[in-house]
Amino acid sequence: MTGVILAAGMAKRLRPLTDHQPKCLLKVGGRTLLERTVDAMRQAGITEFVVVTGYLAEQIREFLTQYAAEHQDITFHFLHNSDYEHNNNIYSLWMAGEVVRGREFLLMDSDILCDPAAVVRIAQEPGSALALNRHELGEEEIKVIVDANGCITEINKTCNPKDAMGESVGIEHMSTTYSTALYRELDQMILNEGLIDVFYERAFERLIPQGHTFRVVDTTDYFSYELDTPEDFERAQQLWENATQ
């Protein structure tokens, strides 16, 4: 299995912390978010990585090149999203298809702070699976509605929070079948419809009527925290310290 890490975004809401470094190189508990992401994927047995960069790409490449020098069993493929200011993560995911189209892969954003056990849990699923946390939901979260079998029927920010099981954490395991269908749909969205500035969950949702979806894995019991603002970052430091004591 290949690990796909999306690291192109500018994280404007985190400024001034991200004025001179990408969000994924911020440190929590003395280690960068990116290092934690790669380490978690390695715990899941992944040794090949595709990293899509954009904002301050050289810092990320330099960091991971040094990481690879210290862990010579792994390989990084770097792809650069040069128009990162004008597109969203769907475009970065589409770019990753240069390597993973039709292949099994584990997808993560580069800025997820979570217990590595959650990543391992999703990677070990036999089919396509998505990590979900149950908590009180608002307007900003990517919310997930499931059927009686625990399979996703709706995934977006706009669905009724009362109908949703929880929030997507941002860890997805793609089977080869799902990967093939996903990139066929992404080609349609990017090349034919020009949908470059939407979240990649839009593609997930469009695949549901075609018979392709994820089984939800409840990872609520594993620590995870979303860092969108400087206040979130300060809070994350304390929460991580408490969670790891």
Side-chain angles (χ1 to χ4, degrees), residues 1 3-6 23-24 26-46 49 89 104-157 159-175 178 199-201 204-205 208 213-229 231-245:
M1 189 190 324
V4 173
I5 300 174
L6 306 184
K23 180 179 180 180
C24 64
L26 295 177
K27 290 185 177 181
V28 174
R31 297 168 62 210
T32 67
L33 298 174
L34 183 57
E35 180 182 7
R36 292 186 182 281
T37 298
V38 175
D39 282 348
M41 286 187 162
R42 289 181 66 225
Q43 288 185 36
I46 293 172
F49 296 84
N89 59 11
E104 180 185 19
F105 67 95
L106 187 71
L107 173 65
M108 291 182 66
D109 291 328
S110 62
D111 56 2
I112 298 174
L113 179 63
C114 69
D115 187 333
V119 180
V120 174
R121 176 75 175 81
I122 300 302
Q124 290 176 339
E125 283 294 305
S128 297
L130 177 146
L132 174 140
N133 280 2
R134 290 177 285 104
H135 60 85
E136 186 175 350
L137 300 170
E139 295 182 359
E140 283 302 309
E141 296 92 348
I142 297 290
K143 294 172 282 292
V144 176
I145 297 176
V146 303
D147 62 19
N149 297 316
C151 293
I152 295 175
T153 59
E154 194 171 342
I155 176 169
N156 55 54
K157 285 190 174 185
C159 65
N160 189 338
K162 294 181 180 179
D163 297 329
M165 178 181 177
E167 176 187 10
S168 173
V169 177
I171 310 169
E172 295 93 8
H173 176 204
M174 318 283 184
S175 68
Y178 194 95
F199 295 109
Y200 57 62
E201 285 86 1
F204 298 166
E205 201 161 49
I208 294 171
T213 190
F214 295 101
R215 191 177 76 81
V216 159
V217 176
D218 189 340
T219 57
T220 306
D221 291 339
Y222 298 108
F223 176 87
S224 68
Y225 194 73
E226 187 173 2
L227 288 77
D228 288 327
T229 66
E231 292 74 22
D232 290 340
F233 180 71
E234 292 301 321
R235 177 67 172 153
Q237 300 281 5
Q238 183 61 49
L239 289 173
W240 182 260
E241 181 179 339
N242 293 339
T244 55
Q245 285 180 347

Residues in side chain to side chain donor-acceptor pair (under 3.5 Å) with E104, at least two apart? H173

Return the [atom1] to [atom2] distance between [X] and [Y], rounded to the nearest 0.5 Å.
X: L6; Y: S110; atom1: CG; atom2: OG; answer: 7.5 Å
X: M108; Y: M41; atom1: CE; atom2: CE; answer: 5.5 Å
X: I208; Y: I145; atom1: CD1; atom2: CD1; answer: 9.5 Å
X: L137; Y: M165; atom1: CG; atom2: CE; answer: 11.0 Å
X: L33; Y: Y225; atom1: CG; atom2: OH; answer: 12.5 Å

Under 4.5 Å between any side-chain heavy atoms of [X] and [Y], yes or no?
X: K23; Y: L227; answer: yes
X: N156; Y: F199; answer: no
X: Y200; Y: L107; answer: yes
X: D39; Y: P116; answer: no
X: Y178; Y: F204; answer: yes

side-chain contact (heavy atoms from CB on, under 4.5 Å) assessment of D147 paired with T213: CA-CA 11 Å; D147 62 19; T213 190; over 6 Å; no

Would you please say whether a donor-acceptor pair under 3.5 Å links the side chains of S175 and S128?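 Yes.
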
Does any donor atom in the side chain of N133 or T219 lie under 3.5 Å from an acceptor atom in the other side chain?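 Checked: N133/T219 side chains pair up, N/O donor to acceptor below 3.5 Å.
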
The single option from R36, E35, R42 passing side-chain contact (heavy atoms from CB on, under 4.5 Å) against V38: R42

From V4, I5, I46, residue fulfilling side-chain contact (heavy atoms from CB on, under 4.5 Å) relative to L106: I46

By the salt bridge (charged side-chain N to carboxylate O under 4.0 Å, His left out) test, which pairs, at least two apart or in different chains, include something from residues 126-144?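 Non-adjacent pairs meeting salt bridge (charged side-chain N to carboxylate O under 4.0 Å, His left out): R134-D218, E140-K157.
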
Would you list the pairs meeting salt bridge (charged side-chain N to carboxylate O under 4.0 Å, His left out) in which at least one residue belongs to residues 160-172, sequence neighbours left out?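 Listed by first then second residue: nothing to list.
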
Please confirm whether the backbone N or O of I112 pairs with a side-chain atom of D109, one donor and one acceptor, at under 3.5 Å?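 Such a contact is absent between D109 side chain and I112 backbone.
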
Least distance between heavy atoms, [X] atom then [Y] atom:
X: C24; Y: T32; answer: O-CB, 3.7 Å
X: D232; Y: D228; answer: OD2-N, 2.9 Å
X: C114; Y: V119; answer: SG-CG2, 3.9 Å
X: I155; Y: S168; answer: CD1-CB, 4.3 Å

